[in-house]
Each structure stands twice: as C-alpha cells, then as structure tokens.
Amino acid sequence: MRLPYVPNPPVPSTPQESEIISRIQTRRHPRPLQPLDLTLLHSPPVADGWNSFLGAIRTQTSIPADLRELAISRVAVVNKAWYEWMHHAPLAEAAGVSQEGMEYVKTQGGELTVEDDVPGGLNEKQWVVLCYTDEMTRNVRVRDSTFERLKGLFSEKEVVEITATIACYNCVSRFLVALDVGERNAVGPDGAH
C-alpha cells in the first residue's frame, strides 16, 4: 500500500465520521472492514459516497450474480487489479460461472468480440457481457454491433445496471492499482488467491 491504512477500528473525529464508519461497517457485516475501506476512510465523505454507490451496485440491481461477478472479474483482468480478482473470481464461480469460463476470463489477453464464437464454459449472455465489459474497459466506446447484441439479450434496466457495474468496477480497479490497496496488484491472478 502506498499510503498507511487508517487504524482499525477507525477513530472518528466528528459525529458525522462516526455515522459514516457505522454505515460502512453495516454494509460489510458480518465481515470486518476491508483494506479498501481502511484506505477510503482517509476521506470519510469519499468513503461514504463510495459505500453508497458500491452498495447499490452490489446488492440492489436486478442483474444475476454470475453476470455481475463475471464483469467485475474481467475488469480486474484487463486492468491487472489482482486484489479485485482475488475477491470476485470466487464469487463468479459460486454464482455459477464454470471454472473453464473463469480460466478463459483470466487468460484471454486479447480483445474479445461478440463476432467470435462463444468459448466453452460460458453461455451466450455471459459471453456478450464479457465482450461488452472488455470493450468498455479497454476502449470506453463500445461498437454498435456489441451494443446491439447486449440490447437483444437484456432489458433497458439491465443494460443500465450492467453498464453501471462495469463503469463502477473500472473506478474501483484504478483506485486499487494506483494505491496498491491489498498489496496484491503486482502478483498476477494466480498469486492473488
């Protein structure tokens, strides 16, 4: 970590900071505060906004967990955010993404396109979300052909939620890597477990 973590448990300096810490602890419960929280709490207002946004993305969207965690895992691979991979790849598998599919996510280095055949271990929806994630993460701009495939498989609400999840975790991965939160970002995907 490029900055020291705040003490755990954090020491609030105002009643507002105490409320912020409590909200973060509530969202994390029953788990303890994570290194990401202990970094963000250098700026309690930023930590509070982050907690609210990530809480909505992680727990209040309608997209299935396999698609959410698959997208987050691909963002982690493309951005070499191995701390993020360490947390979300197991969640993707637990949500039903096959080990074969996750191995593909982890090892495929080139840009993915919806025109390619769906690889073994992934279904069509997973593949299209994976390609969309890849394009958003690598290029920001998404090709019309990719977007049309996504729109053909998902409702407008789901498209917004998938897009917000990918955008959100691009933010997370850039924060994690820039500050080396969790001290895992230089180890690669296999060293992150």
Side-chain angles (χ1 to χ4, degrees), residues 1-6 8 10 20-21 23-29 31-95 97 102 105-106 108 111-112 126 129-142 158-193:
M1 172 66 170
R2 292 177 150 178
L3 296 173
Y5 296 111
V6 300
N8 194 7
I20 290 168
I21 293 165
R23 282 192 289 273
I24 296 169
Q25 289 170 325
T26 298
R27 184 173 78 83
R28 292 290 188 191
H29 184 77
R31 296 172 297 136
L33 292 177
Q34 303 294 299
L36 175 58
D37 305 316
L38 299 174
T39 304
L40 287 164
L41 281 166
H42 280 287
S43 175
V46 171
D48 197 28
W50 191 286
N51 183 58
S52 178
F53 183 42
L54 270 284
I57 293 292
R58 297 268 307 129
T59 65
Q60 297 175 30
T61 64
S62 62
I63 58 174
D66 68 318
L67 300 177
R68 180 186 64 241
E69 298 302 330
L70 182 69
I72 295 168
S73 296
R74 185 60 182 177
V75 167
V77 169
V78 172
N79 292 336
K80 297 178 175 49
W82 304 122
Y83 178 78
E84 188 171 64
W85 170 265
M86 172 185 75
H87 286 281
H88 291 278
L91 295 174
E93 286 188 28
V97 181
M102 290 307 292
V105 169
K106 179 176 73 173
Q108 181 57 36
E111 189 169 327
L112 311 178
Q126 291 170 341
V129 167
L130 196 62
C131 292
Y132 187 64
T133 302
D134 220 58
E135 285 189 46
M136 277 188 65
T137 303
R138 292 177 190 277
N139 308 328
V140 182
R141 184 175 300 274
V142 175
E158 290 169 322
V159 169
V160 167
E161 292 176 349
I162 291 165
T163 304
T165 299
I166 296 164
C168 175
Y169 276 88
N170 267 288
C171 173
V172 172
S173 67
R174 284 160 168 75
F175 187 89
L176 293 171
V177 173
L179 295 178
D180 195 25
V181 174
E183 300 83 40
R184 293 274 188 265
N185 296 303
V187 301
D190 295 321
H193 288 286

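Just so it is clear, the values below take in all heavy atoms, side chains as well, and ignore hydrogens, waters and symmetry mates.
- The shortest distance between side-chain heavy atoms of Leu54 and Cys168 falls below 4.5 Å.
- Checked by atom type and distance alone, the side chain of Ser52 never pairs as donor or acceptor with a backbone atom of Gly49 at under 3.5 Å.
- For residues 164-173, no pair satisfies salt bridge (Lys or Arg N to Asp or Glu O under 4.0 Å), with sequence neighbours left out.
- Remark: Phe175 CZ to Asp180 CG distance equals 12.0 Å, nearest 0.5 Å.
- Between Trp85 and Val105 there is a side-chain heavy-atom pair separated by less than 4.5 Å.
- For residues 50-66, every residue pair satisfying the salt bridge (Lys or Arg N to Asp or Glu O under 4.0 Å) rule, not counting sequence neighbours, is listed here: Arg58-Glu69.
- Sorted by first and then second residue, the pairs that involve residues 36-48 and meet salt bridge (Lys or Arg N to Asp or Glu O under 4.0 Å), not counting sequence neighbours, are Arg23-Asp48, Arg28-Asp37.
- Residues forming a side chain to side chain contact (heavy atoms under 4.5 Å, CB included) with Glu93 (at least two apart in sequence, or on another chain): Gln99, Met102.
- To the nearest 0.5 Å, atom CZ of residue Arg27 and atom CD of residue Gln25 are 12.5 Å apart.
- A distance of 5.5 Å separates CE of Met1 from CG of Leu179, quoted to the nearest 0.5 Å.
- Rounded to the nearest 0.5 angstrom, Leu67 CG and Thr133 OG1 are separated by 9.0 Å.
- With rounding to the nearest 0.5 Å, the separation of CG in Leu130 from CG in Leu70 is 5.0 Å.
- Contacts of Arg138 classified as side chain to side chain contact (heavy atoms under 4.5 Å, CB included), with partners at least two apart in sequence or in another chain: Arg74, Val78, Glu111, Asp134.
- Here the CG-CZ distance, from Leu176 to Arg174, works out to 11.5 Å after rounding to the nearest 0.5 Å.
- Ile20 approaches Pro45 most closely through the heavy-atom pair CD1-N, 4.2 Å.
- Under the side chain to side chain contact (heavy atoms under 4.5 Å, CB included) criterion, Thr165 pairs with Ile57, Ile63, Arg68, Ile72, Tyr169, sequence neighbours left out.
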